[in-house]
Amino acid sequence: MKKILLIEDEKILAEMYRDKFTQAGLKVYLAFDSKEGLALAKKEKPDLIVLDILLPKENGIVFLTWLRKEPEISSIPVVAFSNYDDPATKRQAAKLGVKDYLIKTSYTPSEIVAKIKQLLNGG
Amino acid sequence: MNIFAISGFVNGVSALIFGLIVYLKNPKQLTNKTFGLMTLALAIWAFGYGFWLSTQDKESALFWTRILSIGSTFIPIFFLHWIFALLNLQKKKELILTFGYILTLIFLSFVFTPLYVKDVVPQLSFPWWPEPGIVYNFYLILSYLGIVGYGGYELIKIYRKTRGYLREQIKYILLAMIVGFGGGATNFPLWYGIPLPPYGNFLVFLYPFILSYAILKYRLMDIRFVLGRGAVYALSFIVVIALAFLLMFLSNQFFSAVPFNIIGPLILIISILLFQPVLRFFEKLASKYFYYTFYSYQTVLTDLGRKLTQVLELDKLSSLIVSTLMDTMKLDRTVILLREPGDGEYQIQKNIGFREENGISLVKDNFLTIWLEKTKKPLVYEELSLIIRDTLKRGDKRKLENLQSNMKRIEAALCLPLFIEEKIVGMIVLGNKVSGDPYSEQDIELLTNLSNQASIALQNARLYSEVKGFSKTLEREVEKRTKELKDAYEELKKLDKAKSEFISIASHQLRTPLTAIKGYISMMREKIYGKPPEKMERPLENIYTSNERLIKLVNDLLNVSRIEAGRMEMKLEKSSLEEIITSVVEELKNVAKEKNIYLKWEKPKKPLPKISVDKDKIRQVIMNVADNAIRYTEHGGVIIKCKMKNEKCEIEVSDTGVGLTKYELSKMFESFSRGAAGTRLYTEGVGLGLYVARRFVEMHKGKIWAESKGKDKGSTFYIELPIK
């Protein structure tokens, strides 16, 4: 079973995606901020990290810089997943190696699952 | 008549003329009165001398020698009286003066007795020359050695103590004494049978001349200079005359056959031609050995004049002027005052030696400035008392007296005005010469010339520094403004950033609940939470569609605000328009189907070339236009075409809908406008779609427009994009 780490501070959305991802046969770990996310990533070594960008305290970009400094987890693919649609932030995220930057409202949960599965299968 | 007789008459005329000049200048002044008396006595002596030497008759010769003696007896005491008047000693030395007068009167009582002039006898070539009586010996000793000698003694005593103008005056008086009394004394040897002709008598005419010069002139020439010039001229004259005599002698020896009326003029011409070179020779010699210092000083000041034109910095220039003046003239203090161009206030530009407040005190009131502007001459402290004496206006007199005491207090000796076009732009105030010498005529002349050059140079320097200062101020001002602009720009940038962040964050906040709604509804419709009752399918779909509308609205708002802020970024990549259109049609297919209208996509027969566009934006454009077309069409449908036309791609979206009025066509693509039909048929939109489309197309340097035959006749939208 593939492991997904979802870092998302909006409880409603986190719950919703967890439901959908679990239903789609994925093992979901939830984290509500960057620190927690990093600790969980180290502990569980997920196959993919779905990362919200506007997080309390340290944001997603900070999380990415932390992640890149941790050799054991730095190679885990990350999908930025946010409603924060700012070109500069998008560029920063791309620079830090995110596989994609998805705007949440543009996709239904099913579409997201499709994207994730595509990435997990080496797409 | 022999030449000695002539010299007597010349001396007499000289005495009368200069005596009268001095006396008439100010008859009330004791100095002038006594000077008049002295020259009168001198004239009596001189005319007696002339008449005596021009007579052959013994009786009249004896008479004239006695008349002569009246004059000569009075000369010493009048001389002493004049000296006392000049040196302001007559009160202090009243006793001596009285004694002198008594002595003179005693001698005078002997004049017509043989005890004074015993007899006249032939001497040398003179037919009659007097012999002294007993009293005459006493007269010579007491009057000349006693009275005149005492006058000379007082002069030298004061000379040693005093400085400035009086000192220079005394020098001249002493010179006159040497010339006058010395020259006159050459008459005495013959009285005692010593065969020395009285050549000195020729010089006596200079005595009243020199003395009157010393009294009347405000400013005396440097005596070294006068003596030097005099000596040079005298020597040149003697040499040329000697040469003429030599030539005459030689021509007599060797060319005696040539008559004198030919040789004479020839020698005269040669002598005249010789005079200039000889004079130049002696002048050179004199400047080398005699008044060398004077000339070097002149050279330095002339050099300074030249240097002045080469220095442009005001501070350097003023230092140069002050230091050169002080070094060459050996002054104890100097200050340059310059007037401000605007209010005419004086400022100390450069000061050495004066106390700061003293340096500027002379110009505290306007009087000095006005005075100098009126007289256009340097003002010399030494001359002030004479100027005050000659000034009639009481106000001026009082102010001049104030100025005099002020100059004395701060030890300023000379005010040199600096003129530009008749206006005083400043002045140089000089102190005293360390030597105690006064400023000579030459000094003043040099200083005046120098001041003309200095004022121009200083003015130039000031203009230069003003221009420089101005450009500096300008630079500073520009810098300041630039900084202000920069700050303002930074502020704006911050605000702008804040604004765009605000929009990004606001849209993020709006999107979060929309995401939850979209997610849950879509999952409900996907039956993840179990199969919903059938009658809920339609409401769920409606919620979903409305939510999608809201999401689109937020996207449009975000886009519009980015466009308005100029922050919309372009991500160009080679893309296939056909693929883009296909995906749009794919997405809208169901919408059309639900409205029971057709949506046709007529692909071009020949595939179009890929063109460089921002794929997402162009997709948005086509989506907005096609979505609009579907929304405003109730019957028939929408056809999308795409073709190449003049190096451009043209996308055509035509519908069979409500059509557009001319007014609507003109307002169509403006923000927040909406076709009138919009209110009727499609109320959710706020008219942002076409505006965003237009701006996106324009960002690709393309064109978007619409055509319509009118109401209910459908409309066609065109999107034109350049291939390159």
Side-chain angles (χ1 to χ4, degrees), chain A residues 4 6-26 28 30 32 50-56 59-61 79-95 100-117, chain B residues 496-530 540-541 543-545 547-559 561-563 565-571 587 614 616-617 619-620 623:
Chain A
I4 304 283
L6 176 63
I7 307 174
E8 168 66 69
D9 64 318
E10 283 290 341
K11 286 223 165 67
I12 292 176
L13 293 185
E15 217 172 280
M16 181 179 89
Y17 288 119
R18 189 194 56 198
D19 286 358
K20 179 64 193 172
F21 294 170
T22 312
Q23 186 258 336
L26 299 162
V28 181
L30 280 185
F32 295 96
V50 177
L51 173 71
D52 189 16
I53 293 298
L54 286 193
L55 292 166
N59 64 23
I61 299 297
V79 178
F81 188 54
S82 175
N83 275 323
Y84 189 61
D85 186 4
D86 175 63
T89 311
K90 278 177 162 178
R91 268 198 303 278
Q92 267 179 305
K95 237 186 225 167
D100 213 337
Y101 194 111
L102 304 175
I103 302 299
K104 288 175 195 162
T105 49
S106 300
Y107 305 95
T108 61
S110 301
E111 283 164 345
I112 300 291
V113 168
K115 289 242 172 208
I116 287 171
K117 287 206 162 154
Chain B
D496 198 35
K497 203 173 162 220
K499 189 177 123 193
S500 100
E501 255 168 28
F502 168 76
I503 289 162
S504 294
I505 289 176
S507 51
H508 169 264
Q509 303 290 41
L510 285 168
R511 275 166 168 173
T512 302
L514 295 174
T515 311
I517 296 166
K518 176 173 176 152
Y520 277 116
I521 299 289
S522 73
M523 289 198 311
M524 281 161 92
R525 289 176 71 199
E526 285 166 20
K527 305 175 180 74
I528 286 172
Y529 301 107
L540 281 177
E541 190 189 320
I543 296 171
Y544 187 79
T545 314
N547 193 55
E548 282 301 289
R549 200 65 24 218
L550 268 173
I551 290 170
K552 189 176 178 300
L553 182 64
V554 171
N555 288 348
D556 281 346
L557 275 171
L558 190 61
N559 282 334
S561 71
R562 291 231 173 98
I563 290 166
R567 295 186 146 265
M568 188 52 86
E569 295 182 13
M570 289 278 277
K571 213 172 89 195
E587 198 174 325
D614 185 320
D616 292 343
K617 291 194 175 62
R619 187 176 188 279
Q620 181 92 53
M623 173 69 89

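In what follows, every chain begins at residue 1, and chains take the letters A, B, ... in the order their sequences are listed. Owing to the predicted nature of the structure, the values given are computational and were not obtained by experimental measurement. Side chains included, hydrogens not; waters and symmetry mates left out as well; all remaining heavy atoms used.
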J.: Side chain, backbone, both or neither: which part of A:Tyr17 has a heavy atom under 4.5 Å from chain B?
T.: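 Just the side chain, heavy atoms under 4.5 Å.
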
J.: If I measure from the heavy atoms of chain B, does A:Ile12 come under 4.5 Å with its side chain, its backbone, both, or neither?
T.: both

J.: When only pairs under 4.5 Å are counted, which of B:Tyr520, B:Tyr544, B:Tyr529 shares the most heavy-atom pairs with chain A?
T.: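 It is B:Tyr520.
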
J.: Just checking, any donor-acceptor pair under 3.5 angstrom between side chains of B:Ser507 and A:Asp85?
T.: no

J.: Take B:Glu587 and B:Arg619, measure what salt bridge (Lys or Arg N to Asp or Glu O under 4.0 Å) needs, and give me the verdict at the end.
T.: CA-CA 11 Å; B:Glu587 198 174 325; B:Arg619 187 176 188 279; 2.7 Å; yes

J.: Please state whether the side chain, the backbone, both or neither of B:Ser522 comes within less than 4.5 Å of a heavy atom of chain A.
T.: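 When you check distances to chain A, only side chain atoms of B:Ser522 fall under 4.5 Å.
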
J.: Which atom names give the shortest non-hydrogen contact between A:Val28 and A:Leu6, and what distance separates them?
T.: CG1-CB, 4.5 Å

J.: For A:Ile112, is it the side chain, the backbone, both or neither that has a heavy atom under 4.5 Å from a heavy atom of chain B?
T.: neither

J.: Looking at residues at least two apart in the chain, or sitting in another chain, which of them share a salt bridge (charged side-chain N to carboxylate O under 4.0 Å, His left out) with B:Glu526?
T.: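 With neighbours one apart ignored, the set is A:Lys20.
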
J.: Ion pair present between B:Lys518 and A:Glu111, side-chain N to carboxylate O less than 4.0 angstrom?
T.: no

J.: Need one label for A:Ser82: side chain, backbone, both or neither, based on atoms under 4.5 Å from any heavy atom in chain B.
T.: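 Contact with chain B involves the side chain of A:Ser82 alone.
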
